There are 2 protein chains.
Amino acid sequence: MSEESTEKKIKEAARIQFIKKGMTGARMQEIADQAGINKALLHYYYKSKEQLFYSIFDDVIQDMLPRLVAILNSELPLEVKVYQLTDKYIEFLSDRPEMPLFVLNELQRHPEELIQRLHLQKGIDLSVIKDQLKTEAEKGTIREISVEMFLLNMISLLVFPFAAKSLFQAVAQVNENQFSQFMEARKTEVPKYIMNALRP
Amino acid sequence: MSEESTEKKIKEAARIQFIKKGMTGARMQEIADQAGINKALLHYYYKSKEQLFYSIFDDVIQDMLPRLVAILNSELPLEVKVYQLTDKYIEFLSDRPEMPLFVLNELQRHPEELIQRLHLQKGIDLSVIKDQLKTEAEKGTIREISVEMFLLNMISLLVFPFAAKSLFQAVAQVNENQFSQFMEARKTEVPKYIMNALRP
DNA sequence: GTCTATAAAGGGATAGAC
DNA sequence: GTCTATCCCTTTATAGAC
């Protein structure tokens, strides 16, 4: 029953290698080794390294973005939304701490292609959260803030700590376990921080 | 008068290439080309690619870190500090938007060496800002927060927008000029956001 | 589909002349 | 110091047998 398809094994191995070493740093040989096959077979499934890379990249994007958008466009109250987004994202990234850098790197290298790939998933609709921020500001429960500023701040607080994980660990002198605990603490700290920052 | 030393030209070219493409992505040939010399001469000045890379990397770190630490350890009031750090960092990164990813990448690749290189500049002393946060909390002007949490949140808000510049530009549909304006607006928005978030 | 063997290109590094 | 020429290892990619 533990027989996995070759294609599946390739994708797993490639994901691990590309995420750890990036497009230029990863090696087809290592991917083949880790998948338990040889390079020739790897090329049988994926004509080129580039093709394999983008196959992985698209998977990763598809795995991340919909979660964010689904919560963002839900009809939950703003505060609940912030708490849920924080919880889901810290949970998700705790299992994949190298992912932010992987994605950010590729986007910096090929910004043009990114735009296409994002539009493929019919763009990102920000109207729900935008209206919500406006309504709350009119009610006086939060101060006025643009949806871009609100989102960029929140994403920064959620994602950056994982992108800078090594740096943080070195500066704060914490091991893996303590880092996990710290991120766990952020699940309540960050939403509080954000909602506080938005008070009128 | 426009005669630059070869070494200087090499460093300039290398900085540009390494920052844009990373250690593994950059090519010695391209660096030589851009410096207006050939590969042999490049190797005459720097025995290996790795040696050249770390020479550049150290320069970059030396260029960034002291600015942060100087303000952090000054005797300025907390709020002034936050405003100054924001202003200085957004100013600095606006001219070097690719730098965060460059540094973060290398740190993820060799966390061990990072620790050494950070200790070389006699580590980072957080006691001043730590005491300051404690004192302010006791006075009741801010709520209680650990120095690690405070700094990580601030750095996230300052650095991440540059690391995610391409992504943000794609999602928010803004061009270079609009991005600059947005970052200019953050110079006042971010400190306000932070100080607000710290209210009791 | 999967392998062995090998071609072909890429890219870091050095020898040696000037 | 600077160049041309070249080495040689690494890595991607393909040919061809099973």
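Please read all numbers here as calculations on a predicted model, not as lab measurements. In what follows, chains are A, B, ... by sequence order, proteins preceding strands, each numbered from 1. Heavy-atom basis, side chains included; hydrogens, waters and symmetry copies ignored.
The base of C:dG11 lies outside donor-acceptor range of the side chain of B:K49, with no N or O pair under 3.5 Å.
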Decide side-chain contact (heavy atoms from CB on, under 4.5 Å) for A:D125 and A:L72; before the verdict, give the C-alpha distance in whole Å, the side-chain angles of both, and the deciding distance to 0.1 Å.
CA-CA 9 Å; A:D125 178 22; A:L72 221 49; over 6 Å; no

ring-ring contact (aromatic ring centres under 6.0 Å, His included) evaluation trace for B:F53 with B:F102
CA-CA 11 Å; B:F53 178 81; B:F102 169 72; 5.7 Å; yes

Verify side-chain contact (heavy atoms from CB on, under 4.5 Å) between B:F162 and B:Y89, making sure each step is shown before the conclusion.
CA-CA 11 Å; B:F162 292 96; B:Y89 251 66; over 6 Å; no

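Taking 4.0 angstrom as the limit, A:R27 places a side-chain polar atom (N or O) nearer than this to OP1 or OP2 of D:dT12. Look at A:T6 and you'll find a side-chain N or O under 4.0 angstrom from OP1 or OP2 of C:dT2. Proximity of B:Y44 to the phosphate of D:dG1: a side-chain N or O atom is located under 4.0 Å from OP1 or OP2.
Distance, A:I10 CD1 to C:dT2 C1': 11 Å, rounded to whole Å. In this structure, CD of A:Q29 is placed 13 Å from C1' of C:dT4, rounded to the nearest angstrom. Rounding to whole angstrom units, NZ of residue B:K47 and C1' of C:dA13 are separated by 9 Å. One can place CZ of B:F53 at 17 Å from P of C:dG11, the figure rounded to the nearest angstrom. In this structure, the CG atom of A:D33 is 12 Å from the P atom of D:dT12, given to the nearest Å. Rounded to an integer number of Å, the gap from NZ of A:K39 to C1' of C:dA7 is 11 Å. Following rounding to the nearest Å, A:L42 (CG) and C:dG1 (C1') show an atom-to-atom distance of 14 Å. The nearest whole Å value for the distance from the NZ atom in A:K21 to the P atom in D:dT10 is 15 Å.
When each of D:dC3, C:dT2, C:dG12 is scored by its nearest atom to the side-chain atoms of B:L41, the top-ranked nucleotide is D:dC3. With C:dC3, D:dG1, D:dT14 as the choices, the nucleotide that has an atom nearest any side-chain atom of A:H43 turns out to be D:dT14.
The ring of B:F168 has its center closer than 6.0 angstrom to the ring center of B:F182.
Here the options are B:N73, B:D131, B:L151, the test is side-chain contact (heavy atoms from CB on, under 4.5 Å), and the partner is B:L126; only B:L151 passes.
Both B:A40 and A:N38 lie near DNA chain C, and the one whose nearest nucleotide falls closer to the 5' end is A:N38.
No contact: A:A32 has no heavy atom under 4.0 Å from any strand.
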